[in-house]
Amino acid sequence: YEMRRQLNPEMAVITLGRSGAIGYTATGTVHAPALTVPVQHTHGAGAAFSGGLAHSYLSGADASQAVHTACQVATMHCHGSSQIPISASR
């Protein structure tokens, strides 16, 4: 709690692996489930999630949309998909 108070982030996210992720903001909490797909590998899943979250949020998505997009990106990465759609509009 002390670190959160000092840093005052707009959003804090906890990844839950195959259970998705939870995002906490000043306005509430969002749970985004992971998609159910055959998993090829999990190496780099955290980086894929972080990249999807940052790209979506910085492209204008709200926190809920960004967490959902990040889960989709990480899931597709673990599935081995080379075509990962990322969309967020301002």
Side-chain angles (χ1 to χ4, degrees):
Y1 292 108
E2 180 63 23
M3 183 182 292
R4 183 168 186 256
R5 187 185 65 74
Q6 287 178 0
L7 297 176
N8 195 26
E10 292 180 30
M11 175 178 19
V13 180
I14 299 171
T15 59
L16 304 170
R18 70 179 67 191
S19 296
I22 297 176
Y24 300 96
T25 69
T27 59
T29 302
V30 60
H31 173 255
L35 304 173
T36 302
V37 299
V39 174
Q40 301 298 317
H41 61 83
T42 58
H43 182 77
F49 181 92
S50 297
L53 181 72
H55 176 80
S56 183
Y57 192 65
L58 294 174
S59 294
D62 65 22
S64 177
Q65 292 170 321
V67 173
H68 279 85
T69 297
C71 279
Q72 292 172 350
V73 170
T75 299
M76 296 312 294
H77 171 79
C78 291
H79 176 62
S81 177
S82 61
Q83 296 185 5
I84 301 173
I86 299 177
S87 63
S89 58
R90 290 183 183 235

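This structure is a prediction, so every number in the text was calculated from the model and none was measured.
Using a 4.5 Å heavy-atom threshold, the side chains of Gln40 and Cys78 count as separate. Within the 4.5 Å cutoff, no side-chain heavy atoms of Tyr57 are placed close to those of Thr69.
Separation of atoms CG (Leu35) and NE2 (His68) is listed at 10.0 Å; rounding is to 0.5 Å. Once rounded to the nearest 0.5 Å, the distance linking CD of Gln6 with CD of Glu2 reads 4.5 Å. Note that the CD atom of Glu10 and the OG1 atom of Thr27 stand 10.5 Å from one another [nearest 0.5 Å].
Residues passing the side chain to side chain contact (heavy atoms under 4.5 Å, CB included) test with His41 are His43, His77, sequence neighbours excluded. Scanning for side chain to side chain contact (heavy atoms under 4.5 Å, CB included) contacts around Val13 gives Met11, Ala21, Phe49, Leu53, Val67, with sequence neighbours left out.
Under the 4.5 Å side-chain contact rule for hydrophobic residues, Leu16 and Val39 do not share a cluster.
Considering all non-hydrogen atoms of both residues, Cys71 and Ala32 come closest at SG-O, 3.5 Å. Closest non-hydrogen pair, Ser56 versus Ala66, comes out as OG-CA, 3.4 Å.
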